[in-house]
Amino acid sequence: MSMQKMPDDAEQILSSLYVLHAEEAQEANSYLVMKRVIDILFSALCLFLLLPLFAVVAILIKLDDPKGKVFFRQTRVGKDEKPFEMYKFRSMIANAEELKKNLMAYNEVSGAMFKMKNDPRITRMGKFLRKTSIDELPQLWNVLVGNMSLVGPRPPLPDEVAQYTEYDKQRLTVTPGCTGYWQVHARNSVGFEEMVQLDLTYIRMRSTALDLKIIVKTGLMLLGSKNAY
């Protein structure tokens with residue numbers, strides 16, 4: 001039984017689709033390579049330049065609350081739902097995680113997140129660190145080693161991911177970031193569902209130009225730091 005030859009116009013369509021797919025894949029790979037290069041160069045430079053600030057902050061944290069550690073290490077969920085250890089300057093009392101369950105009723109953000117503006121667990125130094133977002137700077141180490149990127153969805157906690165729907169888990173298909181699309185558009189003024197929508201918008205639109213724009217906007221926002229907590 002002989003096979004019929006595919007019409008020339010059908011072959012041309014399939015050929016065009018293949019070329020288009022190959023071009024899109026190459027463009028995506030080029031973006032990811034450039035993104036990683038920017039992450040490494042920026043994080044390495046910033047960590048080096050910020051060493052004196054890190055030393056001062058470490059001393060102030062210990063003076064304010066000698067019982068706890070300088071750095072706070074917390075398990076977060078990254079790309080493809082893989083857990084990793086994220087670093088921050090400690091801004092809360094030593095047993096803050098144990099007290100969280102008693103404060104869940106005061107959560108000020110809807111959905112699978114916890115935010116509380118006047119969180120009683122925050123130390124005096126911690127309020128300053130959060131207001132200026134200095135507490136987030138150790139995450140530059142996460143960026144350098146590849147757990148995080150400068151730009152991407154914020155990495156959630158495991159107990160938050162446990163509440164995710166399959167739709168929500170789409171935000172876990174890319175490397176999480178120190179800052180992202182929803183931070184520069186809404187910061188803490190949106191609920192969980194809106195945050196997911198903004199993250200998915202970023203994933204569809206992401207490019208080197210957009211990442212650089214978000215980094216610049218984040219820097220400008222930190223000068224005001226009105227909504228940080």
Side-chain angles (χ1 to χ4, degrees), residues 31-32 34-58 60-61 71-72 76 78 86-92 108-109 113-119 122 124-156 171 174-229:
Y31 162 70
L32 292 176
M34 179 59 68
K35 185 179 182 69
R36 184 62 187 141
V37 169
I38 293 172
D39 282 346
I40 292 173
L41 294 178
F42 189 90
S43 60
L45 178 61
C46 286
L47 284 169
F48 175 74
L49 295 177
L50 292 171
L51 278 176
L53 175 62
F54 276 36
V56 172
V57 171
L60 292 175
I61 288 174
F71 293 102
F72 174 63
R76 296 287 181 123
M86 189 183 79
Y87 295 91
K88 286 186 176 187
F89 280 121
R90 184 174 61 86
S91 60
M92 292 186 173
E108 297 175 12
V109 181
M113 285 194 301
F114 179 81
K115 286 282 186 179
M116 185 177 175
K117 191 169 186 179
N118 296 312
D119 195 323
I122 301 175
R124 288 176 300 174
M125 182 63 187
K127 290 180 181 178
F128 171 75
L129 294 177
R130 288 183 166 220
K131 187 70 176 176
T132 57
S133 293
I134 290 175
D135 64 316
E136 308 280 358
L137 291 178
Q139 289 164 43
L140 289 167
W141 175 256
N142 289 113
V143 174
L144 185 62
V145 300
N147 301 134
M148 295 176 63
S149 177
L150 292 172
V151 180
R154 286 296 293 167
R171 67 187 301 272
V174 299
T175 303
C178 296
T179 186
Y181 191 76
W182 76 269
Q183 285 93 329
V184 300
H185 282 79
R187 197 77 186 240
N188 291 314
S189 62
V190 299
F192 175 74
E193 291 183 3
E194 293 164 296
M195 181 200 72
V196 171
Q197 290 299 326
L198 289 171
D199 281 339
L200 297 185
T201 297
Y202 165 75
I203 291 172
R204 289 192 298 268
M205 296 171 52
R206 62 189 188 143
S207 66
T208 300
L210 179 58
D211 285 353
L212 293 174
K213 184 178 180 180
I214 290 173
I215 291 171
V216 171
K217 280 192 171 184
T218 300
L220 295 175
M221 284 180 65
L222 292 180
L223 296 177
S225 298
K226 293 179 179 180
N227 295 321
Y229 63 87

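Numbers here simply count residues along the sequence, with the first being 1.
Expressed to the nearest 0.5 Å, how far CZ of Arg154 lies from OG1 of Thr179 amounts to 8.0 Å. Note: Ile40 CD1 to Ser149 OG = 10.5 Å, rounded to the nearest 0.5 Å. To the nearest 0.5 Å, atom CD1 of residue Ile215 and atom SG of residue Cys178 are 9.5 Å apart. Expressed to the nearest 0.5 Å, how far CG of Leu200 lies from CE of Met205 amounts to 12.5 Å. Gln183 CD to Thr218 OG1: the interatomic distance, rounded to the nearest 0.5 Å, is 7.0 Å. The line from CZ of Arg76 to CD of Gln139 is 7.5 Å long, rounded to the nearest 0.5 Å.
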Intermediate values then yes/no, side chain to side chain contact (heavy atoms under 4.5 Å, CB included), Leu60 and Val57: CA-CA 5 Å; Leu60 292 175; Val57 171; 5.6 Å; no

Test side chain to side chain contact (heavy atoms under 4.5 Å, CB included) applied to Val151 and Asp39, step by step: CA-CA 9 Å; Val151 180; Asp39 282 346; over 6 Å; no

Verdict with supporting geometry, Tyr202 and Ile214, side chain to side chain contact (heavy atoms under 4.5 Å, CB included): CA-CA 10 Å; Tyr202 165 75; Ile214 290 173; 4.0 Å; yes

Check against side chain to side chain contact (heavy atoms under 4.5 Å, CB included), His185 and Met195: CA-CA 10 Å; His185 282 79; Met195 181 200 72; over 6 Å; no

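Between Phe72 and Tyr87, the gap from one ring centroid to the other reaches at least 6.0 Å.
Arg171 and Ile203 get closest at one heavy-atom pair: CA-CD1, 3.9 Å. Nearest approach of Ile61 to Met125, heavy atoms of both residues: CG1-CG, 4.2 Å. Smallest separation of non-hydrogen atoms from Leu129 and Arg90: CD1-O, 3.9 Å. Of all heavy-atom pairs spanning Tyr181 and Leu198, the tightest one is CD2-O, 3.3 Å. Taking both residues in full, the closest heavy atoms of Gly177 and Pro155 are given as O-CD, 3.8 Å, listed atom of the first, atom of the second, then distance. Nearest approach of Pro153 to Thr175, heavy atoms of both residues: CD-O, 4.0 Å.
A donor-acceptor contact shorter than 3.5 Å links the side chain of Ser207 to the backbone of Leu210.
Every side-chain contact (heavy atoms from CB on, under 4.5 Å) that Lys217 has, sequence neighbours left out, goes to Val184, Lys213. For Asp211, the salt bridge (charged side-chain N to carboxylate O under 4.0 Å, His left out) criterion is met by Lys35, not counting sequence neighbours.
When the shell of 6.0 Å around CZ of Phe54 is examined, it contains more than 12 heavy atoms from other residues, nucleotides or ligands.
Using cut-offs of 30° and 60° on the angle between ring planes, the pair Phe71 and Phe89 is parallel.
No side-chain heavy atom of Thr201 sits less than 4.5 Å from a side-chain heavy atom of Trp182.
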